[in-house]
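Below you'll find the structure, written out as structure tokens, and then a few comments.
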Amino acid sequence: MSTSSTISPLYHTPQPVSEEKSSQLRSTVKQVGQIHQLKVTKHGTPTLGGVGSFDGFVAAPGFSALSVFTSPNADWVPKFAIAHSEIFSYADGRWGRHEYSRWPQEFTREAFHIHCIPTRRSRSNAPDAADSDPPGIRLDGTAANSALGEGLTGEASSIAAGPAAEPGHVLWRTLEPTDCKRSDCSVLAVGLVHLNPPLLAELRKEVLGAIARFNLCPVSEGWNQIGNSLVMSLQHTFDRLVNLPAVEVVIIALAAHVQRLTLELWGMIRWLEVVSGRLVKLEDHRQNVLPILGAHTSNPSAAQVLHHAGIPVWFQQPLTQRTIIYQVVPNRDLPLDFSTEPSVPRMVLAKPDYSGALNMPGAWLCAMKEVFNMQMLHSCLPALMELEDSSTAEPPAKRFCERAMTVVRNRGAGPPAPVVVLPYSRETRATSRDLPAQRPATAPVASAPMSRRAKARHRKAAERAAQGILPPSHAAQLNPSRTFYRSQFLAVPPAWEAVLVRACPLEQPRKSVKYFFPPPWMLDLLVGYDAPTDRTVQFLHQWASIRLFCGVRLFSGSVGGQPLNISEWRDALRGEYSFESSGSDPRAPSEHQPPKKHREQESNIRRFLGRAYLPSYRADVCSDFSGTTITPERLVQDDGLLALDALILGSNEWSVSSRWARERLVSKIWGPGSSGFDFIPDSWHRGSDFCWRAPPEEGWEASRAHLAAFLEVLTKWPGCPSGIWGMSMAVKLVDAEGFVDLLNTAVEFYVKTFISKYDRLPTPPMRLELQTTSTRTHIDSDK
């Protein structure tokens, strides 16, 4: 075989080009030459509305060399985002060109409201408002200030009444590290911060005002549901920002997300009040352009609809000689106040995607929101999980390895997709916030069951203890986790007290019971028992100092806290956090080992602190408690209702939105129902009103809404009594006798269910009944 026969055809003598191919080549060269000659094709200054939907009042280069962006109703052309490289959050918490709350994005019909987000200019140029309309007039022509307060009460009404007419300047403010303030929870090793109180107050006013305005919008099928989900996400994010301190980059990211969601809610308001009506009526609003973000699109039909509705639009089209262009402008990049530095640590919102999946309309928005929720808001409230039977359960190490392999296999399967950040399995185990439930009743019990006579004796003793006539010599038998005792300062509602007394005494638990927060009886004095007052005051003072940390340790992976048993909480409240680790070998002789009690205390403190550090208790330290008096009423917290509901329904395995909705419903039992972060003591929106008043007590009517939420939650539980089925709405209309019957039935069912899962009594709601002068003096002196 000759050498020439093996040469590639690319090196053969070129053949003559056909006339057809030559014509195509000349046409392509001509088009490329036209691109480089992007220029004005029509002179003059057209009036607003006098430009066609596909003509360019302004024009700028498009995504490719053969395309151009034209706009019939805008005087600038942005540099639009393309989702093909890594998307991450910047130092100011924004998403760069993907910041949909401040920068125009590709038109998405399913998320039309994000194109209706007001611009900063909208504060001085309200859309659809006639020149003669006085300030304070809403878009529908009604007075804004008179209607915005409806449906709100108290502080929320006074805050939301003014700014709800339009979004405030704080929603466009660029967040900086100077906007953060060192938290007072004393987590020195972690460096946690809060948002500055004045800035937080401004954001709170904007959040409440936007939500109140949305509640007044006209009803539109489908869109109101999207708006309600948006409100739920906004409340959850804001509660997370307020209630839990975090590192600086997290606080800035959360505050920026509050701004983002609030502006998105305003976009929904503009859509429901103005834009949707324009589209339905098919009116020509080309001369009345709204001061909203608008959108870019390559769909001619969408461009024409947006233009006629008065929405800023940028149309991407091929550049030809027939394209009418009045002015050529450069693509404008982000404003100078947008940060160009990635956040540290880097928060990736999407991987590089070369398949184009993220560039589908609305795809990147859903992906980035989901990843943000997982990274920044994945604070699954403490869940209760049934323990597996040790005889049938697989070894923990085997289950752990298989779960890790499943994560890796799922990540590598299928085409490139948006990144889904899953918590590292080892960290997940270390930061587990599950409060272990006791084994089912079928599990073997270490101790023998009590006889009927023993139960009768214990029940009689519990009744005597509740009446305060038990001799002080029995103090050694005190066990409030299994027997109900009355408090000297806190009053338990009669319905709860009666059920707890009947349920006592409980049998010996099969495992050490645990609490998310200190048991309330550690911070109180019980009737009939002479507990050391100095120790109780110290516990109360120390709890006021560490209460914020106790919430952080449950929800922050940087601390890795877990529920604690009674002994561990007792050592935590003592406040002796400084200890020298022995560092000795367990195999060393016993004389070289520290005492057993010392080792147990050290272990308890380590479990309490996790990976954080707290200074030890000092009696001369004044703890800031939101400017209010430190009383047991504000420090007692029910730590089981939310966890029990998650255990029974398995809501920790639900989707994020479904779980947030359920937590929001549960939180309505003790508060306004904004999010599950009400679980944290001293929540910002927690009012002083007691939620469990019952007839004939004055003000019991205000408890109807809380009881309705309680009944609605219990209805989903298995074994729910038939007497409360479907009564969540009827409770708002029943008389006093019917209200008491429903309350007693619901409380009894809840207490029995709680005991069956945890082998301990639940923490009942309490309120301050009296406050002696001596105890007040002790508290003031220690402060």
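Residue numbers run from 1 in the order of the sequence given.
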Where do [X] and [Y] come nearest, in terms of heavy atoms and distance?
X	Y	value
Leu548	His194	CD2-NE2, 3.8 Å
Val231	Arg664	CG1-NH2, 4.0 Å
Arg693	Phe739	O-CE2, 3.7 Å
Trp660	Ser233	CZ3-OG, 3.8 Å
Ile755	Pro762	CG1-CD, 4.5 Å
Pro695	Val740	CD-CG2, 3.8 Å

Subject >> Set of residues satisfying ring pair (Phe, Tyr, Trp, His ring centres under 6.0 Å) with respect to Phe539, sequence neighbours excluded >> reply: none
Answer with yes or no whether the side chains of [Y] and [X] bring together a donor and an acceptor at under 3.5 Å.
X	Y	answer
Gln508	Arg482	yes
Trp569	Asn604	no
Asn565	Ser567	no
Ser658	Ser655	yes

Original post:
Are Asp524 and Phe489 close enough, and set up right, to give a side-chain contact (heavy atoms from CB on, under 4.5 Å), and what steps lead you there?
Top reply: CA-CA 7 Å; Asp524 193 12; Phe489 304 104; 3.2 Å; yes
Evaluate the side-chain proximity of [Y] to [X]: yes if any heavy-atom separation is below 4.5 Å, no if none is.
X	Y	result
Pro765	Val492	no
His236	Glu663	yes
Met766	Pro520	yes
Trp717	Asp645	yes
Phe754	Thr763	no
Asp571	Leu564	no
Cys691	Ile669	no
Thr536	Leu540	no

Would you say [X]'s side chain and [Y]'s backbone share a donor-acceptor pair under 3.5 angstrom?
X	Y	answer
Arg240	Leu244	yes
Thr483	Pro505	no
Ser667	Ser675	yes
Arg662	Ala646	no
Arg547	Ala544	yes
Thr753	Phe749	yes
Asn243	Asp239	yes
Arg760	Lys514	yes
Arg553	Gln562	yes
Trp496	Trp692	no

Original post:
Among all residues two or more places apart in sequence or in another chain, which pass the side-chain contact (heavy atoms from CB on, under 4.5 Å) test with Lys732?
Top reply: Ala708
**OP:** Any chance you could lay out the side-chain contact (heavy atoms from CB on, under 4.5 Å) test for Val734 and Arg704, step after step, and finish with the verdict?
**Re:** CA-CA 9 Å; Val734 297; Arg704 288 183 181 269; 3.9 Å; yes
Euclidean distance, [Y] [atom2] relative to [X] [atom1], rounded to 0.5 Å:
X	Y	atom1	atom2	answer
Lys716	Ser651	NZ	OG	13.0 Å
Arg502	Leu500	CZ	CG	9.5 Å
Tyr577	Tyr617	OH	OH	11.0 Å
Arg535	Leu525	CZ	CG	9.5 Å
Asp759	Ser756	CG	OG	8.5 Å
Gln601	Arg570	CD	CZ	11.0 Å

Original post:
Would Gln488 and Leu526 count as a side-chain contact (heavy atoms from CB on, under 4.5 Å) if you check the C-alpha gap in whole Å, the side-chain angles of each, and the deciding distance to 0.1 Å?
Top reply: CA-CA 6 Å; Gln488 295 186 18; Leu526 303 181; 6.0 Å; no
Original post:
What is the ring orientation for Phe710 with Tyr750, classed by angle as parallel under 30°, tilted 30 to 60°, or perpendicular over 60°?
Top reply: perpendicular
**OP:** Starting from the C-alpha separation in whole Å, work towards a yes-or-no answer on side-chain contact (heavy atoms from CB on, under 4.5 Å) for Glu712 and Lys668.
**Re:** CA-CA 10 Å; Glu712 187 174 355; Lys668 290 181 179 179; over 6 Å; no
**OP:** Among Ser728, Pro721, Ser722, find the one that has a side-chain contact (heavy atoms from CB on, under 4.5 Å) with Ile724.
**Re:** Pro721
